[in-house]
Amino acid sequence: QVQLVESGGGLVQAGDSLRLSCTASGRTFNSYAMGWFRQAPGKEREFVASITWSGGITVYAYSVKGRFTISRDNAKNTGFLQMNSLKPEDTAVYFCAAQFYYYSDFDDWGQGTQVTVSS
C-alpha cells in the first residue's frame, strides 16, 4: 500500500501555469508507476499522464500533450505535474495514483487537489 498526498492546486486564469506535487509514502518500492487523473463535476474520471519510477517512461492523454509535463524525483518519492497553457476545460479535481505492475490498474489514490481555470 502506498499513501499519496497531492498539493499545488488553485484558482488561475486561462493561459496560466500550475505545478502539482504528489508525495508518496509507505511501500513505494512496490510501485511501478505513478499517474495523474482528473475528474470534473458531473463527468467521469479521466487519465492525464503517467510515468514509471525506474525508467521515466511517460504517457500522456492526447488532450494535454504539449502542455503538461509529468516528472518524478525518486529520492524524494515525489511526482510532479507541470501544467502550462491551462484552459477552462482543465478545471477538475486532480488525483495522483500508484500502479504496482505494468499490467495492473492504478489502485492507490490520493485525496485530490482542486484546479480551477477561469476564462
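This structure is a prediction, so every number in the text was calculated from the model and none was measured.
Counting only heavy atoms from C-beta outward, the side chains of Arg38 and Glu46 approach each other to under 4.5 Å. For the pair Phe100/Val2, a side-chain contact is recorded, criterion being any heavy-atom separation below 4.5 Å from C-beta on.
Scanning all heavy atoms of the two residues, the minimum distance from Ser21 to Thr78 falls at CB-CG2, 4.5 Å. The two residues Ala14 and Pro88 make their nearest non-hydrogen contact at CB-CD, 4.2 Å.
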Working for side chain to side chain contact (heavy atoms under 4.5 Å, CB included), residues Ser7 and Thr113 = CA-CA 6 Å; Ser7 62; Thr113 185; 5.6 Å; no

Residues Glu89, Thr91; criterion side-chain hydrogen bond (donor to acceptor under 3.5 Å, both in side chains); working and verdict = CA-CA 5 Å; Glu89 49 263 46; Thr91 296; over 6 Å; no

So Val115 and Leu20, side chain to side chain contact (heavy atoms under 4.5 Å, CB included) or not? Walk me through it.
-> CA-CA 9 Å; Val115 173; Leu20 305 184; 4.1 Å; yes

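Gln111 places a side-chain N or O within donor-acceptor distance of the main-chain N or O of Glu6, the cut-off being under 3.5 Å. Remark: side-chain polar atoms of Gln99 are not paired, donor with acceptor, to backbone N or O of Asp107 under 3.5 angstrom. A donor-acceptor pair under 3.5 Å is absent between the side-chain atoms of Asn77 and the main chain of Thr23, judged by distance alone. Ser50 contributes no side-chain N or O that, together with a main-chain N or O of Gly35, makes up a donor-acceptor pair within less than 3.5 Å. Side chain of Asn74 to main chain of Trp53: a donor-acceptor pair is present (N/O by atom type, distance under 3.5 Å, no hydrogens or angles). Although no hydrogens or angles enter the test, the distance criterion places no donor-acceptor pair under 3.5 Å between the side chain of Tyr94 and the main chain of Gly8. Here the side chain of Ser63 pairs no donor or acceptor atom with the backbone of Ala61 at under 3.5 angstrom.
For the atom pair CZ (Arg72) and OG (Ser31), the distance works out to 11.5 Å, reported to the nearest 0.5 Å. Interatomic distance, Ser85 OG to Asp16 CG, rounded to the nearest 0.5 Å: 9.5 Å. Atoms CZ and OH, on Phe106 and Tyr32 in that order, are 9.5 Å from each other to the nearest 0.5 Å. Remark: Asn84 CG to Phe68 CZ distance equals 8.5 Å, nearest 0.5 Å. Atom-to-atom distance recorded for Cys96:SG and Met34:CE is 5.0 Å, nearest 0.5 angstrom.
Cluster annotation: Phe47 and Leu81 are assigned to distinct hydrophobic clusters (Ile/Leu/Val/Met/Phe/Trp/Tyr, side-chain heavy-atom contacts under 4.5 Å, transitive). In this structure, Leu18 is not a member of the same hydrophobic cluster as Phe80, with clusters built from ILVMFWY side-chain heavy atoms closer than 4.5 Å. Residues Leu86 and Tyr60 share a single hydrophobic cluster, defined by chaining ILVMFWY side chains whose heavy atoms lie under 4.5 Å apart.
For the side-chain contact (heavy atoms from CB on, under 4.5 Å) test, residues two or more places apart in sequence or in another chain that qualify with Gln39 are Arg45, Phe95.
The six-membered or imidazole ring of Phe37 lies near that of Trp109, with a centre-to-centre distance under 6.0 Å.
Annotation: Gln13, atom CD; neighbour count of heavy atoms from other residues, nucleotides and ligands within 6.0 Å does not exceed 12.
When Met83, Lys87, Gln82 are each tested for a side-chain contact (heavy atoms from CB on, under 4.5 Å) with Arg67, only one passes: Lys87. Each of Thr58, Thr69, Val59 was checked for a side-chain contact (heavy atoms from CB on, under 4.5 Å) with Ile51, and the lone residue meeting it is Thr58.
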